[in-house]
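A quick note: this is a predicted structure, and the numbers were derived from the prediction, not measured.
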Amino acid sequence: MIAPPKTAPPKTAPPKTAPPKTAPPKTAPLAFAHIGDLHLTGAEAGNARDYQAIVAQIGEIEGLDFVFLPGDNADNGRPEQYALVRAGLDRLHLPVHVITGDHDREGGSLDAFYAGLDVPRLPYAVDVRGVRCLFLDMCGPGTGGPDFRLGPDQVAWLAAELAGAQGRDCILFMHSYPADLKGEGEAARVADLVHRGPVRLVEMGHTHYNELANDGRTVYAATRSTGQIEEGPVGYAVAALDGGVVSWRFKDLGRPWPFVLITAPADRRLAHESGHAVGERFILRALVLGSAERVEYRIDEGPWQAMAREDGARCYAADVVWPAGAQVVAVRATGRGSEDSDAIEPATDPTSLPISRGIGSDADALGAWPERGLLGTQLGPNRNGRQW
């Protein structure tokens with residue numbers, strides 16, 4: 001007797017709360033730690049101890065590509081101060097990129113900077129996870145102090161690098177905003193190169209306060225000082241570039257691991273191209289630093305749902321169906337005895353991106369964003385702080 005053919009059960013649409021899995025992008029985001037201006041004077045000073053504590057804390061975890069120091073490393077540019085900087089760098093297991101600040105030139109040249117730190121001559125470029133990272137010297141061509149200049153050779157080098165990026169995203173590392181350049185025509189020229197080129201992010205120090213600015217094409221990020229602090233607790237920033245999306249968050253030194261940074265999609269305040277606006281579905285990714293036993297996400301006040309660890313263990317990901325009218329997506333990581341969370345408001349309207357009010361300056365600053373470590377008070381020597 002021949003058995004009747006089996007009939008397949010009727011197909012039903014998958015529930016919105018459990019969408020079929022979609023493979024996340026294969027390229028892991030570039031992620032780095034930014035330790036703000038050190039202004040080191042002596043080993044007994046509080047900022048020297050804080051610097052050593054930051055270095056030790058970064059050394060506890062995996063998941064970062066490098067560490068960045070934005071200049072003003074030695075408060076007076078003296079050899080013994082650079083010895084303190086170098087002692088911290090020697091403890092790091094990650095690559096370190098160090099650039100110059102006005103205090104590094106206080107002795108009249110950058111000889112002590114290069115001799116004490118044994119770092120590559122600026123400018124230079126490196127490729128990290130497919131991103132072109134460009135490191136500039138705003139201080140060597142000047143006369144000292146905040147006489148920020150690049151000089152014609154460095155401007156030409158930058159223009160050639162950006163023109164030759166060949167579709168790759170770029171990050172520019174410099175001590176301050178392009179608008180602060182004093183060389184003839186440099187501020188406008190560099191701001192134009194950045195704004196019209198493939199630069200997604202400009203990373204800076206100098207301000208002594210945390211700040212993010214978005215001119216609708218490029219995000220500018222300044223991390224507050226480790227020395228000469230006027231607002232908020234000591235710490236460092238963690239920044240990431242994930243498929244053109246910029247994310248940035250300040251980590252208090254006293255806050256335990258884990259640490260969460262949502263790297264995709266873009267928050268509406270940091271979205272800077274129409275493709276950053278989400279539709280009905282997107283891949284949510286989060287960088288989790290430190291040990292985590294559980295990583296989950298939720299939409300608005302909905303239930304927490306598990307996220308999967310990607311290959312390589314750098315990020316966690318989830319395929320998210322975005323309901324109409326939803327506003328916030330949050331990710332939390334739970335460790336042993338502690339937890340951390342990050343939240344964004346995804347951009348949904350590609351026509352409502354920021355419009356620049358002043359290319360290459362803080363005119364496009366976002367203001368206060370406490371969840372990111374931005375107090376918005378601009379307490380520092382450039383705006384509302386003391387004259388250091």
Side-chain angles (χ1 to χ4, degrees), residues 9-29 169 200-201 212-219 239-249 260-288 292 294-310 315-334 339-357 364-374:
K11 293 182 178 180
T12 58
K16 285 190 174 182
T17 56
K21 294 182 179 179
T22 300
K26 293 182 179 180
T27 303
D169 290 334
R200 297 286 191 172
L201 172 64
L212 292 174
N214 181 4
D215 69 4
R217 184 67 177 84
T218 302
V219 174
L241 185 60
D242 189 352
V245 172
V246 173
S247 54
W248 186 102
R249 186 177 172 217
V260 179
L261 178 67
I262 296 175
T263 66
D267 184 273
R268 62 173 178 80
R269 286 153 285 197
L270 296 179
H272 54 280
E273 69 168 39
S274 59
H276 290 167
V278 303
E280 296 178 352
R281 191 178 196 143
F282 58 80
I283 296 294
L284 173 68
R285 297 178 97 189
L287 174 71
V288 178
R294 186 171 66 255
V295 179
E296 306 160 294
Y297 79 94
R298 74 174 179 183
I299 299 170
D300 293 333
E301 297 302 315
W304 290 101
Q305 302 179 67
M307 298 181 71
R309 195 168 191 167
E310 291 184 352
C315 286
Y316 288 76
D319 190 347
V320 174
V321 171
W322 191 241
Q327 294 182 318
V328 178
V329 60
V331 174
R332 75 176 177 188
T334 304
E339 71 175 35
D340 186 46
S341 63
D342 188 22
I344 63 167
E345 300 173 24
T348 56
D349 183 359
T351 67
S352 64
L353 298 178
I355 299 175
S356 178
R357 291 171 292 161
D364 301 301
L366 302 182
W369 191 356
E371 297 82 4
R372 280 291 189 276
L374 308 177

Can you name the salt bridge (charged side-chain N to carboxylate O under 4.0 Å, His left out) partners of R249, sequence neighbours left out?
D340

With a 4.5 Å limit on heavy-atom distance, are the side chains of Y316 and V331 in contact?
no

Side chains of M307 and L284, heavy atoms from C-beta outward: is any pair under 4.5 Å?
yes

Using the test salt bridge (charged side-chain N to carboxylate O under 4.0 Å, His left out), find all partners of R217 that sit at least two apart in sequence or belong to another chain.
none

Are the side chains of V245 and T263 in touch, meaning some heavy atoms are under 4.5 Å apart?
no

In the structure I gave you, are the side-chain heavy atoms of V328 and E301 within less than 4.5 Å of one another anywhere?
no

Does R281 reach the main-chain N or O of D319 with its side chain, forming a donor-acceptor pair under 3.5 Å?
no

Tell me the closest heavy-atom pair linking V329 and P346, and the distance in Å.
CG1-CG, 3.9 Å

For A264, what residues pass the side chain to side chain contact (heavy atoms under 4.5 Å, CB included) criterion, not counting sequence neighbours?
D242, R285

Residues two or more places apart in sequence or in another chain: which of them pass side chain to side chain contact (heavy atoms under 4.5 Å, CB included) with A326?
I299, D300, W322, P323

Can R294 and E296 be counted as an ion pair, charged N to O under 4.0 angstrom?
yes

Non-neighbouring partners of R269 that pass side chain to side chain contact (heavy atoms under 4.5 Å, CB included), sequence neighbours left out
D267, E345, L366, W369

Name all residues meeting the side-chain hydrogen bond (donor to acceptor under 3.5 Å, both in side chains) criterion together with E339; count only those two or more places apart in sequence or in a different chain, and write none if there are none.
none

H276 side-chain N/O to G244 backbone N/O, donor-acceptor pair under 3.5 Å
yes

Just by modelled atom types, is the A271 backbone N or O under 3.5 Å from a matching donor or acceptor in the N214 side chain?
yes

